[in-house]
Visitor: 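Have a look at this one before I ask anything.
To find a chain, count down the sequence lines: A is the first, B the second, and so on, and within it residues start at 1.
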Amino acid sequence: MPKNNQIPRRILASLIASVSAGVVPRAGAPYIAIGRTDEISAFLSDLEEMSEGGGTMRFLIGRYGSGKSFLMQLVRGYALERDFLTADCDLSPERRLYGSGGSGVAVYRELMKNLASKASPDGGALPRIIAKWVFDLRSRIEADGSLPAEVLARRMDAAVREQLREMEFLVGGFDFARVITEYFRATAADTEDEARADACLRWLRGEYTTKTEARRDLGFDVSVIISDANWYDFLKLWAALSHSLGYRGLLVFIDECVNLYKITHRVSRENNYEKILSMFNDTLQGRAPYLGIVFGGTPQFLEDTRRGLFSYEALRSRLCDSRFSVEGVKNLIGPVIRLVRLTDEELLALIVRVTALHAAYYQCGELITPEEQLEFLKICLSRAGADSMITPREMLRDYMTVLNILLQNPDKKFADIAGTAVTLSHPELPAEEQKNTEAPGKNFDPDEIEI
Amino acid sequence: MAENEKENREKEQAEFWTIDSLVPNRRRPVPAQREHTEPVEMELEPPAPKKDAAPSGAERIPERKKQDPAAPLSEYSPEGSLLRKVRVFEWVTGFNYYESFRRDAVRLAHLPPPAHPPAHTVFFSYCPQYSQMTDAQLTYYLWLRAEIAAGRFPEADYSYILLYVYELINLSDRTPPRTTLECLCAVWRGYHKEYPHLNVNLLEWICDFCLIHRFAPPYDLLGDTSPSELRASSLKEFFISAGGNEFAALLIAYCSNYDYRSGKYASEENLPMIQRCMEGAVAAAFGPGTGVVLDPGLRCCRTVRDAYVGALCSPRIRRRIEIEFLSFSHSHELRFLVTDVMKYTENRLRAVLGVKSRLKVGVLPDAIRAAVDGCLDREFPGRRRAPHDAPPEYEKLYEPIRSELNALSLQNAGRIEEDSWQTTEKLIEAFCPDENDDPSASPELLPEVPPEPVRTAELPPAGENAEFPADGADPVGAELCAALGADGLAFLAACLREDRAEQSRAAAALGCTPALAADGINEKSADIFGDILLETAPDGRSFSVLADYADDVRAWLTETAPAASTNN
């Protein structure tokens with residue numbers, strides 16, 4: 001039990017709703033973090049390294065339903081609390097790391113849309129973090145006392161340019177710094193220009209498709225726009241800028257990487273893998289300070305030697321296990337974290353936890369006894385194929401259904417609800433008991449239907 | 001003067017488009033003289049009633065003579081056929097068409113052919129008859145008739161061939177039936193490739209002739225007949241013998257929606273192999289052991305057909321035939337099943353040929369699928385499908401750790417759950433000041449207060465209900481209000497009221513924009529009790545308190561800052 005025993009109501013509501021729906025909770029994930037101690041510790045050490053100016057990259061690999069997205073949300077929430085900026089994106093056939101027709105910059109746009117900070121944990125933090133940074137600068141300038149408007153504007157301008165000067169040496173940095181400076185000027189109280197501020201934000205979000213359009217809206221010349229070819233360079237700029245803005249770094253989550261594995265065209269697929277290699281080299285060689293990237297994918301995405309990352313020799317040599325690796329022994333220092341489904345006892349612990357959270361939210365007390373919780377888990381694990389196919393998501397969804405039914409029907413008992421679930425034959429049950437657990441449809445009599 | 005000119009000019013311009021003066025005068029139409037049309041009463045004498053007239057004066061329709069149902073001329077059940085029963089009736093009609101043609105046919109039947117082959121004479125008619133022919137045409141026809149009877153098939157116009165067929169049909173009562181059948185089949189054999197339309201009409205007439213005279217399908221006389229040539233027949237079931245090795249080929253030909261011969265990969269080189277495999281697969285699919293019973297699967301239908309439709313035929317030769325048979329075309333389920341079997345076989349063959357594209361196949365019963373696979377595996381023994389069940393080696397790294405169900409322990413699970421709270425604490429704590437932090441690096445939007453972890457919802461001990469603290473002694477509210485200060489509380493109160501103007505004033509008092517003020521409050525609340533308080537209002541320009549915490553904020557403001565409390 002935590003020392004405070006209290007959970008914010010909104011977070012609890014969101015958590016209960018997410019678990020009931022079978023989706024990864026965006027908020028409140030730490031409250032159902034069972035197990036995964038080593039994996040979480042590995043990520044936390046990565047964050048420490050990022051905050052000191054380093055870069056990190058991790059591949060979170062696991063089967064569907066093994067908990068990749070959940071672990072990402074856990075780390076994301078922790079990073080936000082620790083004053084990191086986060087951005088997340090799910091790849092899809094329309095969003096790739098490398099592609100033409102806007103599929104590459106679509107990843108960047110999604111990341112910028114989901115850019116989050118502690119004060120804006122749900123995304124859309126881009127204008128806020130710049131505004132906060134400007135406020136911080138102004139507060140520093142006026143630390144000794146307020147200044148006349150003209151003097152303040154001049155000193156603010158100089159301070160902004162000074163802070164952004166180090167960006168200009170990075171690829172695309174000059175235009176990046178120029179646009180941010182113009183955005184600051186457009187949002188200054190005395191020279192407020194909403195149209196130009198919007199145009200600057202659009203440029204920073206990568207929403208311009210042509211330079212002509214960008215120049216027309218911005219009112220000044222830019223030599224580049226954020227496009228398929230250079231979006232990753234601007235991501236590195238944001239990571240560097242995040243530190244200047246007072247944050248500890250930028251942590252990027254890219255999930256559903258199996259969509260890269262599914263690219264049928266070999267050259268296109270390898271171009272995407274080349275992009276991953278470039279990111280890997282930058283982060284681990286110190287060329288992308290304050291940037292952390294986490295890729296989430298399935299085992300096929302990583303280890304398939306025909307189409308996965310291991311089909312690309314440069315990545316395979318960097319990511320594959322050492323010949324000294326021992327099967328069954330964890331090694332979380334390397335870039336690859338392999339996630340195995342929670343053990344059966346961890347699943348039971350999860351059920352216990354969810355029961356307590358449900359009771360706290362609805363203020364109803366625990367509706368299912370510990371023995372019944374154990375019975376429920378046994379029912380789930382007894383299903384045919386459960387040993388390899390069952391996921392915490394499905395199990396929790398079913399469990400929440402049972403809890404909600406019991407909550408709304410106080411006269412019902414757990415045995416009434418769980419006992420009517422269709423189960424296949426239990427290999428450990430004797431033959432007589434197997435007959436009693438047969439699906440009700442086996443001896444179905446149409447005459448028994450009541451209309 | 002100038003004004004007059006100006007006026008004249010304006011008038012001229014105005015009247016420029018007036019064309020009435022240019023159009024010639026029309027005569028006014030003179031209305032027609034109206035006739036006097038008032039009704040006048042007249043008296044007429046009614047006509048004399050007829051003998052059989054109805055009392056009302058209308059003419060009675062003569063009653064139709066009731067006809068006794070005619071007994072069939074013959075009735076039989078063919079053996080080894082999909083036809084169950086055949087009944088032949090006389091063709092009743094009150095008309096006597098083409099009797100003269102038959103008389104001419106009788107008269108010309110024994111005319112000898114010319115001694116020397118005559119020169120070819122073109123003859124064309126949509127309905128060829130002897131009366132339409134010239135002497136030269138008739139001479140050529142007699143020679144042609146003799147040649148065909150001798151088994152030779154010289155070049156002939158289509159009309160000559162039709163005329164000969166009509167002659168055979170109309171003289172069928174004067175010639176041994178077997179002889180007539182042999183001649184009809186000979187005509188088809190000799191000329192159906194040159195005149196494909198014979199597949200449509202002559203095969204029908206041969207079918208009728210055989211039904212009338214109780215002949216089995218004349219495979220021996222028709223020669224090498226492919227099922228596709230029989231496709232145009234309206235009674236394909238006549239040409240099919242149930243059972244036998246040809247059954248699969250006939251199922252493929254007549255009981256399928258898919259024609260493998262027209263497939264993209266059915267080249268000349270592959271076609272024999274595809275045909276062999278297809279027939280073998282269908283035969284295996286509907287053989288013993290698959291559980292598919294064909295006989296009941298074919299639907300029994302009844303049809304009535306007039307013999308020799310389209311032919312120039314005397315009424316005394318024409319017949320009406322009633323047939324009960326097992327139909328392919330009405331057996332939809334069987335048709336779909338055969339189609340799926342063929343497509344599945346095609347997919348397997350495409351895999352053998354290295355073609356990647358596949359046809360869409362419906363749900364095939366496992367027994368049929370296994371039978372087809374077995375047949376094709378015998379055909380291609382070396383090409384076995386890769387076993388899909390073998391997982392790759394790396395999957396072992398992701399296998400879950402299983403425990404015996406009976407070994408699950410509530411105590412162990414409880415210990416894991418208890419230990420996990422430490423992870424939770426590590427993840428949610430964000431308020432412990434880091435020793436590396438420079439307090440002057442980022443000035444706080446709001447005054448900093450040493451945070452204490454006070455939350456708003458409490459996890460209940462087992463069996464007890466949780467209560468949200470709502471009384472005035474809420475430490476969370478007190479701490480938050482102390483952290484925000486008066487200006488922050490004023491902004492918070494304005495957010496509770498969703499008063500945009502008040503929010504702007506309160507933010508100005510804080511020396512920042514409303515967005516920054518909201519961010520500051522959210523950061524403080526996240527530090528103090530782990531969640532944000534404010535969100536962007538629906539208008540997108542102001543801020544509001546999250547609905548989950550509105551009551552709490554109202555209570556805090558009332559308790560800790562009465563001056564900033566809301567007016568409910």
Visitor: For A/Ile40, which atoms come within 4.5 Å of any heavy atom of chain B: side chain, backbone, both, or neither?
Guide: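 Contact with chain B: side chain only.
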Visitor: Going by heavy atoms in the side chains, are A/Lys118 and B/Asp527 under 4.5 Å from each other?
Guide: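 Contact flag for A/Lys118/B/Asp527 side chains = yes.
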Visitor: Looking at every heavy atom in both B/Gly511 and A/Phe135, which two are closest together, and how far apart are they?
Guide: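 Closest approach of B/Gly511 to A/Phe135: O-CE1, 3.0 Å.
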Visitor: To the nearest 0.5 Å, what is the distance between CD1 on A/Ile32 and OG on B/Ser420?
Guide: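 Result: 11.0 Å between the selected atoms.
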Visitor: Between A/Ser41 and chain B, which part of the residue has a heavy atom less than 4.5 Å away: side chain, backbone, both or neither?
Guide: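 Answer is side chain: those atoms of A/Ser41 sit under 4.5 Å from chain B.
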Visitor: Taking all atoms of both residues into account, what is the closest heavy-atom pair of B/Tyr549 and A/Ile11, and its distance?
Guide: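 Between these two residues, the closest heavy atoms are OH-N, 3.9 Å.
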Visitor: What distance separates B/Glu393 CD from A/Thr305 OG1, expressed to the nearest 0.5 Å?
Guide: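 Result: 11.5 Å between the selected atoms.
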Visitor: Chain B heavy atoms under 4.5 Å from A/Leu377: which part of the residue, side chain, backbone, both or neither?
Guide: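 The answer is the side chain of A/Leu377.
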Visitor: Could you report the tightest heavy-atom contact between B/Leu516 and A/Ala131, atom names first, then the distance?
Guide: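 Shortest heavy-atom contact: CD1-O, 3.4 Å.
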Visitor: Looking only at atom types and distance, does a side-chain atom of B/Thr423 sit under 3.5 Å from a main-chain N or O of A/Thr37, one as donor and one as acceptor?
Guide: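 The answer is no, because no donor-acceptor pair under 3.5 Å joins these two groups.
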Visitor: Which atoms of B/Ser525 are under 4.5 Å from chain A, going by heavy atoms: the side chain, the backbone, both sets, or neither?
Guide: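 For B/Ser525, there is no contact with chain A at all, as no heavy atom is under 4.5 Å.
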Visitor: For each of B/Pro392, B/Ser409, B/Ala515, B/Gly414, tally heavy-atom pairs with chain A at distances under 4.5 Å, and name the one with the top tally.
Guide: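 The residue among B/Pro392, B/Ser409, B/Ala515, B/Gly414 with the greatest pair count is B/Ser409.
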Visitor: Inspect the contact between B/Asp519 and A/Arg128 and indicate whether a charged nitrogen and a carboxylate oxygen are less than 4.0 angstrom apart.
Guide: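 Salt bridge between A/Arg128 and B/Asp519, a charged N being under 4.0 Å from a carboxylate O: yes.
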Visitor: Among A/Glu142, A/Glu345, A/Glu346, A/Gln300, single out the residue with the greatest number of heavy-atom pairs under 4.5 Å to chain B.
Guide: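 Highest number of heavy-atom pairs under 4.5 Å: A/Glu345.
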Visitor: Could you grab the distance from atom CZ of A/Arg10 to atom CG of B/Leu533, nearest 0.5 Å is fine?
Guide: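 Output value for this atom pair is 9.5 Å.
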Visitor: Run B/Glu418 and A/Arg353 through side-chain contact (heavy atoms from CB on, under 4.5 Å) and show every step you take.
Guide: CA-CA 9 Å; B/Glu418 188 69 29; A/Arg353 176 70 61 85; over 6 Å; no
Visitor: Considering non-hydrogen atoms only, spot the tightest contact between B/Ala413 and A/Ala349 and give its length.
Guide: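 In terms of heavy atoms, the two residues are closest at O-CB, 3.4 Å.
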Visitor: Are any of the side-chain heavy atoms of B/Tyr394 and A/Asp304 separated by less than 4.5 Å?
Guide: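 Sidechains of A/Asp304 and B/Tyr394: in contact.
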Visitor: Using non-hydrogen atoms only, which part of B/Asp548 is less than 4.5 Å away from chain A: side chain, backbone, both, or neither?
Guide: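 Its backbone and side chain both get close to chain A.
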Visitor: Could you state the interatomic distance from OH (B/Tyr398) to CG (A/Leu302), rounded to the nearest 0.5 Å?
Guide: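 Between B/Tyr398 OH and A/Leu302 CG, I get 5.0 Å after rounding to 0.5 Å.
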Visitor: For chain A, find which of B/Ile401, B/Leu408, B/Leu546, B/Asn412 contributes the most heavy-atom pairs closer than 4.5 angstrom.
Guide: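 Top option by heavy-atom pairs under 4.5 Å: B/Leu408.
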Visitor: Decide yes or no for A/Arg9 and B/Asp552: does some side-chain heavy atom of the first lie under 4.5 Å from some side-chain heavy atom of the second?
Guide: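 Side-chain contact under 4.5 Å: yes.
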Visitor: Tell me, for A/Ser120 versus chain B, whether the close heavy atoms (under 4.5 Å) come from the side chain, the backbone, both or neither.
Guide: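 Answer is side chain: those atoms of A/Ser120 sit under 4.5 Å from chain B.
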Visitor: Within a strict 4.5 Å, meaning less than it, do heavy atoms of the B/Ile532 and A/Pro121 side chains meet?
Guide: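 Of all side-chain heavy-atom pairs linking A/Pro121 with B/Ile532, at least one is under 4.5 Å.
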Visitor: Using a cut-off of 6.0 Å, state whether more than 12 heavy atoms not belonging to B/Asp366 lie near its atom CG.
Guide: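 Result for CG/B/Asp366: open.
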Visitor: Chain B: which of A/Leu44, A/Ile61, A/Ile351 shares the most heavy-atom pairs with it under 4.5 Å?
Guide: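 Looking at each of A/Leu44, A/Ile61, A/Ile351 in turn, A/Ile61 comes out on top.
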Visitor: Measuring heavy-atom distances to chain A, does B/Glu395 have an atom under 4.5 Å in its side chain, in its backbone, in both, or in neither?
Guide: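 B/Glu395 touches chain A through backbone and side-chain heavy atoms alike.
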Visitor: Would you give the length of the straight line joining atom CD1 of B/Ile416 to atom CG of A/Leu348, rounded to the nearest 0.5 angstrom?
Guide: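 One gets 8.0 Å once the value is rounded to the nearest 0.5 Å.
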Visitor: Can you say whether A/Gln373 sits under 4.5 Å from chain B via the side chain, the backbone, both, or neither, judging by heavy atoms?
Guide: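 For A/Gln373, neither part sits under 4.5 Å from chain B.
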Visitor: Is B/Glu399 close to A/Arg63 at the side-chain level, that is, under 4.5 Å between some pair of heavy atoms?
Guide: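 Yes, their side chains come closer than 4.5 Å.
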